[in-house]
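Whatever order the structure lists ligands and atoms in, that order sets their numbers, starting from 1.
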Amino acid sequence: MRLRPEQANPNFPSKTRRNHDMATTMETLLAGLNRDLAAEYQAIITYRSFASLATGPYRQEIRQFFEEEIPDELDHARFLADKIVALGGTPTTEVAPIALTRNNREMLEIAHKAESETIERYEERVRMADELGLTALKVRLEDLIVDETDHKEEIERRLKNWKG
Ligand SMILES: [Fe+2]
Ligand SMILES: [Fe+2]
């Protein structure tokens, strides 16, 4: 007996399976966007805390640096919450776990790791939006990637010639 491709290979995207995947992907997209939102809330609280906790001769500079990132992250959270509602979901009120330190260099390292992970998450979200044909969302997510890449590169430049 000849097997249909989807019988021979359970991963073969049959029509039914494709439709099922579409439904799952919208749910997965909403779950993903909520994870992104929780991470933006994490960034806002983390950067506010780091700005206040910074010490030493560069205290003012580090304080100002973290404070200046907060409006961008707030704007990302606003966009995500609005979009989640527009797509029929409920925006999370959860905050991703926050790591605190009183060491200035560690603050920048924590922020650098978070920004890198955020870029990866948004790249994944762009692929999902593309799969669902949500072009406007895809473009806006790419704008977020631009912002987060700026943040990441700014932190890299600060870490480069770190003394002490
Ligand atoms: Fe952000
Ligand atoms: Fe950021």
- Examine all N, O or S atoms of H151, backbone included, and report whether one is under 2.8 Å from the Fe ion (ligand 2). yes
At the Fe ion (ligand 1), ND1 of H76 and OE1 of E73 open up to roughly (10° bins) 100°
Separation between OG (S52) and CZ (F66), nearest 0.5 Å, reads 11.5 Å
From the list D147, D36, D143, T118, side chain to side chain donor-acceptor pair (under 3.5 Å) partner of H76 resolves to D147
Decide if atom CD of E94 counts as having more than 12 heavy atoms of other residues, nucleotides or ligands within a radius under 6.0 Å. no
Please determine whether E40 has a backbone or side-chain N, O or S atom lying under 2.8 Å from the Fe ion (ligand 1). yes
Can we say R78 and D75 salt-bridge, meaning some charged N sits less than 4.0 Å from an Asp/Glu carboxylate O? yes
- the Fe ion (ligand 2) to E115: any N/O/S contact under 2.8 Å? yes
Next on the checklist: Any carboxylate oxygen within less than 4.0 angstrom of a Lys/Arg side-chain nitrogen, looking at E117 and R121?
Outcome noted: no
Closest to the Fe ion (ligand 1), among the N/O/S atoms of E148, is atom OE2
